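Here the structure is laid out as structure tokens; the discussion comes afterwards.
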Amino acid sequence: MTGSLSAPAGAAHATILGFGSYRASRLIPNAEIVDAIDSSDEWIQQRSGIKTRRWASEDETVQSMSVGASRKAIESAGIDVAQVDAIVVATVSHMFQTPAVATAIAYELGTDRPAAFDISAACAGFCHGVALASDMVRGGSAKHVLVIGVERLSDLTDVGDRGTAFIFSDGAGAAVVGPSDEPGIGPVVWGSDGEQFDLIRQREDWRDVIVAENPRMPHLVMQGNPVFRWAAFEMAKVAQQTLDRTGISADDLDVFVPHQANMRIIDAMARSMKLPEHVRIARDIADQGNASAASIPLALDRMIAEGEARSGDLALLIAFGAGLAYAAQVVRVP
Ligand code: UT7
């Protein structure tokens, strides 16, 4: 054996230094979408907790919403954009298979040629990104990582599909992960169940689209009820495992930020985890809808803005969706 490789030296710990979000501007109430799916405002509110959802206007793109959220996150982290040396974008609605939208976001932000790549873990994407960023900072491959969760799911939504038309939404959330003296991001608990790959997916792949007689967008389709049952039962167990691995109990939590998929899933998880009264629970879904990879940072950033989550608070994040893929971790609110 000749030569020896130098080992990268990372930070002792990683933490979230700042958050930012961007909400798509069009507010679409249930009344506006019910006729096309033979539904009612009452049914949608009862079954999902959604009253209105945010859809993007023409000029609000995956890239522009990401840049809007990122500028706020970088400012709140108190760093200069040139200090961002890696950008991880979690999304399923960037319409180019390649190149990654992360590179275009980096360019528009004016960073100094950082590593930039996209990841695909659907609704669990942001928590996957935070876990990667934490490991990158501690492993020495980056000092400051910008993690973005962004979706423009209105592009992938069939407004005539009863199972999905009322659910999905648009927006972006971002976090800057950087070095710290104390741990600010706990161990991730993540996994997947590919046996249930078909429960949420695009209706067809792009090759089927182009050979079809009447080509149409490969919209998202979902078998809602099995996903609902899986999420309500299995994810409460994952939440508990996350607390155990972090070495804390539900009593130590200040904030609970589950993926904003359905208000009934949020309530069911809080019940099975026996969350104490003092834990404040994110309920952003009511007027945002389900923004997939953007849902957790949008929800947490709103709680910070409204004073429901305060600096130093411990927040449990848990995200789940297509794949089925999931990821959870406890973070300290910056
Ligand atoms: O973000 C990724 C992860 N996604 C999730 O976690 C979503 C999980 N799933 C859900 O949130 C729920 O399954 C939905 C909100 C999508 C649906 O609620 P549900 O309680 O599972 O309803 P269901 O699909 O079992 O349907 C119940 C009834 C059916 O009628 P019958 O058979 O009981 O007569 C449906 O035909 O509701 C009917 N239905 C509707 N009625 C009015 C289904 N969709 C609609 C609709 N409007 N849009």
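In this text the structure is predicted, and so the values were computed from the model without any measurement. Counting convention: from 1, in listed order, for ligands and their atoms alike.
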Could you label the plane-to-plane angle of the W190 and H128 rings as parallel, tilted or perpendicular, counting under 30° as parallel and over 60° as perpendicular? tilted
N or O pair under 3.5 Å between S48 and ligand 1: no
Could you walk me through whether Q288 and Q260 satisfy the side-chain hydrogen bond (donor to acceptor under 3.5 Å, both in side chains) test, starting with their C-alpha distance in whole Å, then the side-chain angles of each, then the deciding distance to 0.1 Å, before giving a yes or no? CA-CA 9 Å; Q288 167 66 46; Q260 303 290 294; over 6 Å; no
Minimum-distance protein heavy atom relative to atom 36 (O) of ligand 1: R162 NH1, 3.5 Å
Is at least one protein non-hydrogen atom found at under 4.0 angstrom from atom 34 (O) of ligand 1? no
Atoms in ligand 1 with a heavy atom of N290 nearer than 4.0 Å: 1 (O), 2 (C)
Determine, considering heavy atoms only, which of R47, M222, E42, Q223 sits nearest to atom 20 (O) of ligand 1. R47
Counting non-hydrogen protein atoms only, what is the nearest one to atom 40 (C) of ligand 1? Give residue, atom name and distance. W43 CZ2, 3.2 Å
Looking at D181, I'd like to know if its CG atom is crowded, meaning that more than 12 non-hydrogen atoms belonging to other residues, nucleotides or ligands lie closer than 6.0 Å. no
Residue-ligand contact V34/ligand 1, heavy atom below 4.0 Å: no
Minimum-distance pair of heavy atoms, taken over all atoms of C123 and N290: SG-OD1, 4.4 Å
Given the protein's heavy atoms, is any one of them under 4.0 Å from atom 13 (O) of ligand 1? yes
Heavy-atom pair with the smallest gap, counting every atom of F320 and H259: O-CD2, 3.2 Å
So that I can tick it off, tell me whether R216 and E204 are bridged by a salt bridge, with the cut-off set at under 4.0 angstrom between side-chain N and carboxylate O. yes
Any heavy atom of I265 under 4.0 Å from ligand 1? The part involved is side chain
Polar contact flag for G224 and ligand 1 (N/O pairs, less than 3.5 Å): yes
Per-atom filter on ligand 1: closer than 4.0 angstrom to a heavy atom of I167 are 16 (C)
Evaluate whether atom NZ of K72 has more than 12 neighbouring non-hydrogen atoms of other residues, nucleotides or ligands under 6.0 angstrom away. yes
Contact atoms of ligand 1, heavy-atom distance to N225 under 4.0 Å: 13 (O), 19 (P), 21 (O), 25 (O)
Who passes ring-ring contact (aromatic ring centres under 6.0 Å, His included) against F126, sequence neighbours left out? none
Side chain to side chain, M303 and D313, heavy atoms closer than 4.5 Å: no
Any idea which atoms of ligand 1 are less than 4.0 Å away from a heavy-atom of C123? 1 (O), 2 (C)
Using a strict cut-off of 4.0 Å, indicate which atoms of ligand 1 neighbour a heavy atom of N262. 10 (C), 11 (O), 12 (C), 15 (C)
Minimal heavy-atom distance between S66 and I148, with the atoms involved, is OG-CG2, 3.7 Å
Check residues 324-334 and write down every donor-acceptor pair under 3.5 Å in which the side-chain atom is one partner and the other belongs to a residue at least two apart or another chain.
from	atom 1	to	atom 2	distance (Å)
Q329	NE2	C127	O	3.1
R332	NH1	G312	O	2.7

Protein heavy-atom contact under 4.0 Å for atom 29 (C) of ligand 1? no
Which residue owns the protein heavy atom closest to atom 47 (N) of ligand 1, what's the atom, and how far is it? S39 OG, 2.6 Å
Please report whether atom 44 (N) of ligand 1 has a protein non-hydrogen atom at a separation of less than 4.0 Å. yes
Check for me whether S292 has a heavy atom closer than 4.0 Å to any atom of ligand 1. no
Please determine if E234 and K237 form a salt bridge, counting it only when a charged side-chain N lies under 4.0 Å from a carboxylate O. yes
Nitrogen or oxygen of S40 less than 3.5 angstrom from that of ligand 1: no
Mind checking whether H259 has an N or O less than 3.5 Å away from an N or O of ligand 1? yes
